[in-house]
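Input: a single structure, listed below in structure tokens.
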Amino acid sequence: MANADHGGRPAQALGATAVGTVQARVRVARLGLWLVAAILGVRQVAVVLSTPSGERLTDLETWVGPDGVLHVKGSLYDSTQFTGTPFGGLVLKPLTRAAEQALGWGWTFGTLLLVAALGLVAARALPQPVSRRTSLLAAPVAISLLMLSLPVRNTLYLGQTSIMPVLLVLLGCFAVRGERAGGVLIGLAAALQPTLLLFTPLLWFTGRRRAALSTGATFAASTVLGWAAMPHDSYTYWVHHMGGVGLGGRADDLANQSLHGALLRLGLTGPLEIALFLLLGAAVAVLALRRAVRYAHDGQLLLAVAITGCAAIVMSPTAWQHQLLWVLLAVVGQVGKRASDRYVWPVAVILMMTLPAKTMVPDKVIFHPLRADLILLAALATAAVVPFLSRTSPYWQTPIPTRYADPVPSRFRHIPLVQSLRRVITRPNLLFELLLIRVTYYAYAQIRLAAAGGSNSAGRVTAEEHGAEIHSIERALHIDIEYWANHAVVKVDWLRAFFDFYYESFHFGVPLAILGVLYWRRPVDYRWARSAIGFATVFALIGFWLYPLAPPRLIPGLGIIDTVNGPQDFTQPDYGTLTDLTNQYAAMPSLHFGWSLWCGLVILILAPKWWMKPLGLLHPLFTATAIVVTGNHWVLDAVGGAMAVGAGFGMTYLLQGPRARTVTAQAEAEAEKLSSDSPASVRDRTPS
């Protein structure tokens, strides 16, 4: 009876049932992930094959089409359309005789199979030890990420060969038996992309010297074959263009994410640029190889391969965006001592490799260099900067656990609705927060732009009809003060200038400043306030979508003066509709007032001094005045903004429960101190 539960069932049977339940859930999850991977693959193929023939597989057509580069009798490098090696041109030559339609279908499905093979090999190469659950789910997750990545999507759409070198290297390192066979595959990859010769010293210094010699011999044989078959092009590539370096020029534009392309974008040209490129590239290669050898000896060969591949991106004369899969492979590296930091690196890599650069970096002049070279910087950071954890580190298996505040009792039985969303005491990762804010704001801007729907003229008619409805309601409530307030302020120049400046300048600055102070001084309250403003913004987007509304300044005949933008020409049918910058008809609710009210409430609740609390309410007061007197919002728009903010705070309360008011500064300081302790000492402590 000692080994039976109260129902009379043996404990072993109960344990077996639990294990069986877990295994069943893993099987269901695995099946679901494979289904997702299959759907993504079918979708990518459908997108390519549904595109008109003149617009898809354009790079393949440029090479092997009737008028392609490989058909010309002169040099392959007479134009900027071909930047590969002579051996690559020699391999592609036979394809010029294939039928265009059959080649397109075969190329697309062949590329899809290569992506699946790449995902399977990468999943098998994960650093050990790996749990059975991870090993079962790794392959479909890897294939799904590859399908979503920009390099694979571009490869499928353009008809490129960039997946082949990556797959050859992974097969040579992880799949084939025998060092010589692996070296042959890596040598063929280097024949297509010469900078992949960086894998030769990696193989040598990690004890696979036969593979290193085989790699060098295969590369040399392939290059000699190219010289024998295409002597003029080989001389042009290897001598005249210095192994492809001289191929770089203005035609590279932003697509070339190598160090060479970045230097060209900075305005450097000629011998100075080439010398600087070779010097910096050599320095990156040496540093990356030292790191890669260290991680290979540590048992993280896939990470070592990713680091070496990223160094090859930096050193390559031309590293087009569809050739940047090495950065995605770096997602296997672990970064950070705290458990809460473990997701930052993989999330950042996945976002950079699946979303356009404009999504990640604001469209401001000061950020244009970062925006133009974002993937290059990611490759450079992977090769030389990011401090990946060693498997011998005490934090590899046991990171510093996340510290939570004691739950605050709620008046309601089922609050919080999500029990796992507990209040974290420690400060969140800054990089993750910046990524979250940027991606969220980009999504907000895109949804706001798409909120009008339909045609420009239809959107304008609907928005003006809604404006007439709002004006009628305000007249019935005797709060239609827009015309009077607007003309009263226009008569006073300094007052008009003040409210114009306030409307344009404080909308983003004040909320960001408050979030910054809370992040640094009050981490727990930062998470609470951030969630509230996030939910409020989501509710506002729903309002923009369901109820496009013209502001008073865009209502013909109302007589409102646009103090910010100047006189309006209402005879233009497209004026005031969707533009490249903002949706002029996203007036209900007013996020100008909503965000300012959020600022006031946060200051009112959290300010440590009594005199700070009423000062915080001045911001929503000034903002409400500014949005009305400048003609940008109705009075009821401010009411809608207040409702959105109230709903945001309410949703935060429903999901997470009451704010953790009992967390003191001492507890936060103790949590920060624990983040610098070893895992063993953390396990010996009891969370306060």
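Note that this is a predicted model, so its numbers are computed, not measured.
Listed here is the closest heavy atom pair of A319 and I313: CB-O, 3.8 Å. Taking every heavy atom of both residues into account, P399 and A339 meet most closely at CB-N, 3.7 Å. Considering every non-hydrogen atom in both D341 and G336, the closest pair reads CB-CA, 4.3 Å. When all heavy atoms are compared, the tightest approach of A357 to R371 is CB-O, 3.5 Å. Pairing each heavy atom of C599 with each of V510, the nearest pair is SG-CG1, 3.7 Å. Across all non-hydrogen atoms, the minimal contact from A372 to Q257 is O-NE2, 2.7 Å.
Between the NE2 atom in H471 and the CD1 atom in I473 there is a gap of 11.5 Å [rounded to 0.5 Å]. Of the inter-residue distances, the one linking L618 atom CG with S596 atom OG reads 11.5 Å to the nearest 0.5 angstrom. One distance of note links CG of L328 with CG of L148; it measures 10.0 Å at 0.5 Å rounding. Atom CD of residue E469 and atom CG of residue L636 lie 12.0 Å apart, to the nearest 0.5 angstrom. The structure places CE of M360 at 9.0 Å from CZ of R438, a figure rounded to the nearest 0.5 Å. If you take CG on L355 and OG on S149, they are separated by 11.5 Å, rounding to the nearest 0.5 Å.
By the 4.5 Å heavy-atom criterion applied to side chains, L549 and D637 are counted as neighbours. In this structure the side chain of L380 never reaches within 4.5 angstrom of the side chain of C310, judged on heavy atoms. Side-chain contact between L518 and V602: present, with at least one pair of heavy atoms (C-beta onward) separated by less than 4.5 Å. Taking the side chain as every heavy atom from C-beta outward, W326 and T382 never approach each other to under 4.5 Å. Under the 4.5 Å side-chain criterion, counting only non-hydrogen atoms from C-beta, F649 is not in contact with F535. Counting heavy atoms from C-beta outward, K609 and L615 have side chains that stay 4.5 Å or more apart. Counting heavy atoms from C-beta outward, V335 and V344 have side chains that stay 4.5 Å or more apart. Side-chain contact between E433 and R530: present, with at least one pair of heavy atoms (C-beta onward) separated by less than 4.5 Å.
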Passes side chain to side chain contact (heavy atoms under 4.5 Å, CB included), H466 versus M588? Steps please. CA-CA 10 Å; H466 290 164; M588 172 63 80; over 6 Å; no
Working for side chain to side chain contact (heavy atoms under 4.5 Å, CB included), residues L389 and R342: CA-CA 11 Å; L389 286 177; R342 288 295 172 86; 3.2 Å; yes
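For the side chain to side chain contact (heavy atoms under 4.5 Å, CB included) criterion with M353, the lone passing option out of I350, V349, L351 is V349. With E482 as the fixed residue, the side chain to side chain contact (heavy atoms under 4.5 Å, CB included) test singles out one of I470, V629, V635, N632: V635.
At distances below 3.5 Å, at least one donor-acceptor pair connects side-chain atoms of N486 with backbone N or O atoms of I561. Between the H633 side chain and the P551 main chain, no donor and acceptor come within less than 3.5 Å of each other. Within the 3.5 Å criterion, the main-chain N or O of I400 finds no donor-acceptor partner in the side chain of K337. W345 places no side-chain N or O within 3.5 Å of a backbone atom of F388 that could act as its donor or acceptor partner. A distance-only check finds no donor-acceptor pair linking the side chain of R522 to the backbone of V517 [under 3.5 Å]. A distance-only check finds no donor-acceptor pair linking the side chain of Y483 to the backbone of G559 [under 3.5 Å].
Ring-plane geometry between Y519 and Y526 is classed as perpendicular, the angle between the planes exceeding 60 degrees on a 0 to 90 degree scale with a lower cut at 30.
No hydrogens or angles considered: nothing links the side chains of Y502 and H592 as a donor-acceptor pair under 3.5 Å. Between the side chains of T537 and W595, a donor-acceptor pair is found at a separation under 3.5 Å.
Other residues, nucleotides and ligands contribute over 12 non-hydrogen atoms within 6.0 Å of the CZ atom of F498.
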